[in-house]
Amino acid sequence: MDETAKRHCTGEVGGGNGGEKGGGGSSDGDFEPSMGRFMDHIIINVLEKMDLASLCTAACVSLTFNSAVAYRLPFVSSFDLSGPGTKSLTIGCLRMRNDSSIINILGEHIEDLSLLKCTHLSYDILRAIGERCPNLRSLLIEFAGCDAPELFKRKLAEMLQKVPLLESLSITIRGTSRDVFDVRPLGQFLPPSLKKLKLQQMDARLFVLWLDAVRKIPLFNLRSLSLVLDLISDDLLITVVHSLPHLVELDLEDRPFTLSSVGDLTNIGLQALKFCECLIALSIVRSKMNCPASFTREDNKGMFHVSEGCKRLESVKLGGFAKVTEAGYSSILYSCRNLKKFEVLTSPLLSDSVIDNMTGVARSIVELRLSSCSLLTSEALEHLSSFRKLEVLDTSGCERIGDQAPFYISKVTTLTRLNLAKARITDVGLALLGAGDLPIVQLCIRKCEKVTDKGIKSLFHADRKICKTLSVLDVGYIPKITDEAIFTIATAAKALTDLSLRFCNGVTDAAVQMLMDRQNHNSSQLQMLDLCSCRGLSAEAIMIPLPLYAFHRLRWLGIGLTDIVSKRGIFSAICEARPRLVVCGVCCDFGCCDGWQWHKVR
């Protein structure tokens with residue numbers, strides 16, 4: 001990705017007060033909007049004199065003040081969070097340019113610290129954390145890139161020696177591929193209090209050697225382990241089980257670079273898990289990030305071993321097991337009677353009968369995700385109404401799911417999140433789903449190509465619960481969606497905050513104008529809007545200058561592959577008018593980690 005594309009994605013431009021002036025006219029019809037903009041301008045000028053505490057108070061006065069404060073916050077030069085009452089602190093560091101902005105607010109009062117998206121922070125921040133936060137119990141930190149792994153390890157070691165109470169450590173380094181962490185030298189510095197460890201981009205072979213050594217440390221007793229590695233092997237699982245006999249949570253994801261099965265996980269590795277009798281949460285997933293690889297050396301026998309020993313499991317996530325059938329998965333369902341979350345990803349042999357075998361856990365399951373399971377059909381969901389506590393259902397990528405599925409789903413009155421991406425549903429299916437009157441908060445019907453404006457209208461018909469509850473909606477890649485559907489969504493969905501319209505070529509400037517320039521309308525609550533590759537949009541789809549109230553809560557805007565990006569002046573004007581807004585011009589997926597994922601990507 002070139003540098004221009006990176007800047008487009010992150011929206012890195014200077015601040016400014018652009019967009020405060022409305023384009024008022026002299027006619028009577030324009031008087032009321034112009035007066036509203038004038039009042040907004042006065043409010044902003046008053047808020048400019050306030051400190052952070054006063055701004056927070058003002059935000060509670062009314063919706064108008066709340067919106068104005070949201071506009072003003074990016075210009076506040078400094079926050080004082082160093083008071084002794086602040087024990088837990090989470091900071092998004094995407095736009096912080098140096099360590100001092102963080103160091104100044106660290107102190108011995110902080111026990112729980114999360115530093116997210118540290119694009120520009122150096123590894124010296126680790127040393128500073130150790131020196132200033134001796135009572136730290138939990139640390140989560142995300143770095144971008146790893147240009148100096150030896151320096152990183154040295155600073156991490158310095159920090160670990162100074163936080164004797166640390167119980168939870170989570171470190172992610174984005175934009176790296178392999179061999180970032182060689183944690184072997186750190187064993188002697190680990191605090192005995194450490195119970196939870198999460199590391200990303202590990203060399204599995206080096207981690208096995210390290211774990212084999214640190215288990216000899218007195219009092220070392222991890223309860224939760226989460227790793228992203230190059231390869232999950234038998235050696236890894238066996239060492240983890242023997243070194244951490246009291247493990248409660250195990251989360252492993254690998255990202256192989258080749259399709260070779262040499263040294264790969266087999267039933268022998270899974271057999272080791274039968275000795276993890278304390279295990280409550282288990283996740284083993286093979287990612288296709290680097291190549292289309294699957295687990296091919298284990299079958300139902302491996303799952304039988306898991307079900308035999310891990311009967312206390314409450315959360316199970318298994319992805320990429322190409323030779324496991326419903327018999328293997330069902331053995332876990334029969335054994336684990338307290339199961340609350342069950343997730344299977346990319347399982348080509350999983351059939352409808354797996355849900356028939358869930359009768360024993362139907363009353364406890366809260367989340368059910370069966371994604372990219374090619375044999376799954378609508379009939380699998382026939383008895384879904386017996387799932388009395390089900391809140392999340394995900395059948396994304398199951399392309400044999402049809403219109404009958406929404407009818408079964410409509411009987412689950414507790415459902416709040418639903419993903420039907422790539423299903424073969426039509427307007428009939430959406431009408432059946434709408435008739436169920438479910439309190440859905442998040443809905444994804446991406447790539448349901450047979451849906452039209454009529455189906456969207458039937459979903460929101462007659463002021464149903466979904467009109468009041470729906471916050472996140474993805475209708476991307478649906479060719480028959482037009483402005484009419486957008487008008488329905490914006491008018492009916494009163495709580496909508498995130499809307500994805502990517503690759504909806506029937507959406508035109510009229511829909512965008514309605515979304516951005518209707519003050520106090522439902523659409524004024526939007527925080528994320530994805531217009532990527534909406535070919536029906538012109539370069540003038542977003543009015544310039546931006547009225548003060550337009551997109552005033554928006555924090556992410558995707559405009560990749562549209563004419564808006566090609567017109568440089570408009571792109572820059574949007575960024576200047578909304579300095580806290582991340583503008584993505586390179587067609588990242590919905591949200592794009594707020595521009596974070598593209599920083600320092602190798």
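Just so you know, these numbers use all the heavy atoms, side chains as well, and skip hydrogens, waters and symmetry mates.
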*Asks:* Kindly write out the residues that satisfy salt bridge (Lys or Arg N to Asp or Glu O under 4.0 Å) with Arg223, not counting sequence neighbours, or none if the list is empty.
*Replies:*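 Scan of Arg223 (salt bridge (Lys or Arg N to Asp or Glu O under 4.0 Å), adjacent residues dropped) gives none.
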*Asks:* So for atom CZ, which belongs to Arg337, do other residues, nucleotides or ligands contribute more than 12 heavy atoms lying within a distance under 6.0 Å?
*Replies:*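 Check passes, neighbour count above 12.
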*Asks:* Give, for atom CD of Glu379 and atom CD1 of Ile401, the distance between the pair rounded to the nearest 0.5 Å.
*Replies:*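 Atom-to-atom, Glu379:CD and Ile401:CD1 are 8.5 Å apart.
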*Asks:* Is the backbone N or O of Ile332 less than 3.5 Å from a side-chain atom of Ser335, with the two atoms forming a donor-acceptor pair by type?
*Replies:*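 No; zero donor-acceptor contacts below 3.5 Å.
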*Asks:* List the steps and the verdict of salt bridge (charged side-chain N to carboxylate O under 4.0 Å, His left out) for Lys117 and Glu142.
*Replies:* CA-CA 5 Å; Lys117 308 180 181 75; Glu142 297 176 340; 5.2 Å; no
*Asks:* Under 3.5 Å, side chain of Asp474 to main-chain N/O of Cys444, donor-acceptor pair present?
*Replies:*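 Such a contact is absent between Asp474 side chain and Cys444 backbone.
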*Asks:* Taking Thr426 for the side chain and Lys450 for the main chain, is one N or O donor matched with an acceptor at less than 3.5 Å?
*Replies:*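 Checked: no pair found.
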*Asks:* Looking at Lys341 and Ile365, what are the two nearest heavy atoms and their distance?
*Replies:*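 Shortest heavy-atom contact: N-CD1, 4.3 Å.
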*Asks:* Under a 3.5 Å distance rule, please check whether Ser193 uses its side chain to pair with a backbone N or O of Leu166 as donor and acceptor.
*Replies:*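 Judged by distance alone, yes, a pair lies under 3.5 Å.
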*Asks:* Got a sec, which residues hit side chain to side chain donor-acceptor pair (under 3.5 Å) with Glu399, two or more places apart in sequence or on another chain?
*Replies:*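 Glu399 satisfies side chain to side chain donor-acceptor pair (under 3.5 Å) with Lys422 only.
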*Asks:* Nearest 0.5 angstrom please: Ser385 OG to Leu390 CG, how far?
*Replies:*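 Answer for the OG-CG pair, Ser385 versus Leu390, is 11.0 Å.
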*Asks:* Measuring from atom CZ of Phe295 to atom CD1 of Ile232, what distance do you get when rounded to the nearest 0.5 angstrom?
*Replies:*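 If we round to the nearest 0.5 Å, Phe295:CZ and Ile232:CD1 are 4.0 Å apart.
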*Asks:* Would you please name every residue forming a side chain to side chain donor-acceptor pair (under 3.5 Å) with Asp234, sequence neighbours left out?
*Replies:*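 Testing Asp234 for side chain to side chain donor-acceptor pair (under 3.5 Å), a comparison that skips the adjacent residues, returns Thr266.
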*Asks:* Taking atom NZ as the centre, does Lys288 end up with more than 12 heavy-atom neighbours from other residues, nucleotides or ligands that are less than 6.0 angstrom away?
*Replies:*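 Yes, enclosed.
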*Asks:* Hey, does the side chain of Asn419 reach the backbone of Asp394 with a donor-acceptor pair shorter than 3.5 angstrom?
*Replies:*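 No, Asn419 side chain to Asp394 backbone: no donor-acceptor pair under 3.5 Å.
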*Asks:* Looking at Arg417 and Arg369, what are the two nearest heavy atoms and their distance?
*Replies:*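 Closest pair (atom of Arg417, atom of Arg369, distance): NH1-NH2, 3.9 Å.
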*Asks:* Got a sec, which residues hit side-chain contact (heavy atoms from CB on, under 4.5 Å) with Val324, two or more places apart in sequence or on another chain?
*Replies:*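 By the side-chain contact (heavy atoms from CB on, under 4.5 Å) rule, Val324 matches Asn300, Met303, Phe321, Tyr329.
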*Asks:* Looking at Asp352 and Ala380, what are the two nearest heavy atoms and their distance?
*Replies:*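 Smallest interatomic distance, heavy atoms only, reads OD1-CB, 3.4 Å.
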*Asks:* Say whether, by atom type as modelled, one donor and one acceptor occur between the side chain of Asn338 and the main chain of Arg312 under 3.5 angstrom.
*Replies:*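 Answer holds: no.
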*Asks:* Flag the pair Arg255 and Glu253 as a salt bridge only when some basic side-chain nitrogen lies within less than 4.0 angstrom of an acidic carboxylate oxygen.
*Replies:*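 Answer for the salt bridge query: yes.
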*Asks:* Tell me whether Lys198 at atom NZ has more than 12 heavy atoms from other residues, nucleotides or ligands lying less than 6.0 Å away.
*Replies:*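 No, because the 6.0 Å sphere around NZ of Lys198 holds 12 heavy atoms or fewer from other groups.
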*Asks:* Between Asp403 (side chain) and Gly429 (backbone), is there a donor-acceptor pair under 3.5 Å?
*Replies:*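 Indeed, once roles are kept as given, a pair shorter than 3.5 Å links the two residues.
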*Asks:* Going by atom types alone, do Thr346 and Ser372 pair a side-chain donor with an acceptor below 3.5 Å?
*Replies:*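 The criterion, which ignores hydrogens and geometry beyond distance, is not satisfied for Ser372 and Thr346.
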*Asks:* Is the shortest side-chain heavy-atom distance between Leu418 and Leu433 below 4.5 Å?
*Replies:*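 Sidechains of Leu433 and Leu418: in contact.
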*Asks:* Cut-off 3.5 Å, side chains only: do Arg535 and Ser533 have a donor facing an acceptor?
*Replies:*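 Side chains of Arg535 and Ser533: pair found under 3.5 Å.
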*Asks:* Mind checking what makes disulfide bond (SG atoms under 2.5 Å apart) contact with Cys532, not counting sequence neighbours?
*Replies:*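 Cys587.
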*Asks:* Quick one: list whatever passes side-chain contact (heavy atoms from CB on, under 4.5 Å) with Val208, sequence neighbours left out.
*Replies:*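 Counting only residues at least two positions away or on another chain, Val208 forms a side-chain contact (heavy atoms from CB on, under 4.5 Å) with Asp235, Leu236, Thr239.
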*Asks:* Once side-chain contact (heavy atoms from CB on, under 4.5 Å) is applied, do any residues pair with Thr258, and if so which ones, sequence neighbours excluded?
*Replies:*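 Partners of Thr258 under the side-chain contact (heavy atoms from CB on, under 4.5 Å) test: Ser260.
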*Asks:* How far apart are the closest heavy atoms of Ile456 and Ile445, and which atoms are they?
*Replies:*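 That would be CD1-CD1, 4.0 Å.
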*Asks:* What I'd like to find out is whether the side chain of Thr90 reaches to under 4.5 Å of the side chain of Asp112, using heavy atoms alone.
*Replies:*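 Result no, sub-4.5 Å side-chain heavy-atom pair not found.
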*Asks:* Between CG of Leu420 and SG of Cys398, what distance do you get to the nearest 0.5 Å?
*Replies:*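 Between atom CG of Leu420 and atom SG of Cys398 there are 9.5 Å.
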*Asks:* Under the salt bridge (Lys or Arg N to Asp or Glu O under 4.0 Å) rule, collect the residues that match up with Asp264, sequence neighbours excluded.
*Replies:*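 Salt bridge (Lys or Arg N to Asp or Glu O under 4.0 Å) list for Asp264, sorted by chain: Arg286.
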*Asks:* Going through the distances and angles, do Arg363 and Phe387 end up as a side chain to side chain contact (heavy atoms under 4.5 Å, CB included)?
*Replies:* CA-CA 5 Å; Arg363 294 181 180 274; Phe387 290 65; over 6 Å; no
*Asks:* Any chance you could lay out the side chain to side chain contact (heavy atoms under 4.5 Å, CB included) test for Leu259 and Cys291, step after step, and finish with the verdict?
*Replies:* CA-CA 7 Å; Leu259 294 175; Cys291 72; 4.1 Å; yes
*Asks:* Checking Leu459 against Leu443 for the side chain to side chain contact (heavy atoms under 4.5 Å, CB included) test, could you report, in this order, the C-alpha distance in whole Å, the side-chain angles of both residues, the deciding distance, and whether it holds?
*Replies:* CA-CA 11 Å; Leu459 183 65; Leu443 175 63; 3.6 Å; yes
*Asks:* Output yes when a side-chain donor or acceptor of Asp230 lies under 3.5 Å from a complementary backbone atom of Pro256, and no otherwise.
*Replies:*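 No, Asp230 side chain to Pro256 backbone: no donor-acceptor pair under 3.5 Å.
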*Asks:* Under 4.0 Å between a side-chain nitrogen and a carboxylate oxygen: does that hold for Lys389 and Glu391?
*Replies:*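 A salt bridge is absent here (no side-chain N lies under 4.0 Å from a carboxylate O).
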*Asks:* Shortest non-hydrogen contact from Thr562 to Leu531?
*Replies:*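 Looks like CG2-O, 3.4 Å.
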*Asks:* For Glu326 and Ser351, does a side-chain donor sit closer than 3.5 Å to a side-chain acceptor?
*Replies:*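 Glu326 vs Ser351: donor-acceptor pair found between side chains.
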*Asks:* Using the test ring pair (Phe, Tyr, Trp, His ring centres under 6.0 Å), find all partners of Phe503 that sit at least two apart in sequence or belong to another chain.
*Replies:*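 Testing Phe503 for ring pair (Phe, Tyr, Trp, His ring centres under 6.0 Å), a comparison that skips the adjacent residues, returns Tyr477.
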*Asks:* Shortest non-hydrogen contact from Leu313 to Ala281?
*Replies:*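 Closest approach of Leu313 to Ala281: CD2-N, 3.9 Å.
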*Asks:* Would you say that Leu225 contacts Phe207 through its side chain, given a criterion of any heavy-atom pair below 4.5 Å between the two side chains?
*Replies:*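 They are in contact (side-chain heavy atoms under 4.5 Å apart), so the answer is yes.
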*Asks:* Only counting residues at least two apart or in another chain, list the ones meeting salt bridge (Lys or Arg N to Asp or Glu O under 4.0 Å) with Glu249.
*Replies:*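 Scan of Glu249 (salt bridge (Lys or Arg N to Asp or Glu O under 4.0 Å), adjacent residues dropped) gives none.
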*Asks:* Using modelled atom types only, decide if a donor and an acceptor are shared between the side chain of Asp530 and the backbone of Arg502 within a distance under 3.5 Å.
*Replies:*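 Not at all, since once roles are kept as given, no pair shorter than 3.5 Å links the two residues.
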*Asks:* Do side-chain atoms of Asn267 reach the backbone of Lys301 as a donor and acceptor pair under 3.5 angstrom?
*Replies:*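 Answer holds: no.
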*Asks:* Could you measure the distance from the CD1 atom of Ile440 to the CG atom of Leu393? Nearest 0.5 Å is fine.
*Replies:*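 Nearest 0.5 Å value for the CD1-CG distance: 9.5 Å.
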*Asks:* Looking at Leu140, I want to see if its CG is surrounded by more than 12 non-hydrogen atoms of other residues, nucleotides or ligands under 6.0 Å.
*Replies:*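 Check passes, neighbour count above 12.
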*Asks:* How long is the straight-line distance from CG of Leu318 back to OG of Ser347, given to the nearest 0.5 Å?
*Replies:*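 So the OG of Ser347 and the CG of Leu318 are separated by 9.0 Å.
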*Asks:* Determine the sole option in Val472, Leu470, Thr469, Val392 for which the side-chain contact (heavy atoms from CB on, under 4.5 Å) test with Gln442 is passed.
*Replies:*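 That would be Val472; it is the only one of Val472, Leu470, Thr469, Val392 passing the side-chain contact (heavy atoms from CB on, under 4.5 Å) with Gln442.
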*Asks:* Could you list the residues that satisfy salt bridge (Lys or Arg N to Asp or Glu O under 4.0 Å) with Lys274, not counting sequence neighbours?
*Replies:*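 If we apply the salt bridge (Lys or Arg N to Asp or Glu O under 4.0 Å) test to Lys274, skipping adjacent residues, the hits are Glu308.
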*Asks:* Using side-chain contact (heavy atoms from CB on, under 4.5 Å) as the criterion, list what pairs up with Asp453, not counting sequence neighbours.
*Replies:*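 Checked Asp453 against side-chain contact (heavy atoms from CB on, under 4.5 Å); matches are Ile481, Thr482, Glu484, Ala485.
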*Asks:* Any chance you could lay out the side chain to side chain contact (heavy atoms under 4.5 Å, CB included) test for Asp498 and Gln527, step after step, and finish with the verdict?
*Replies:* CA-CA 6 Å; Asp498 299 358; Gln527 297 178 17; 4.0 Å; yes
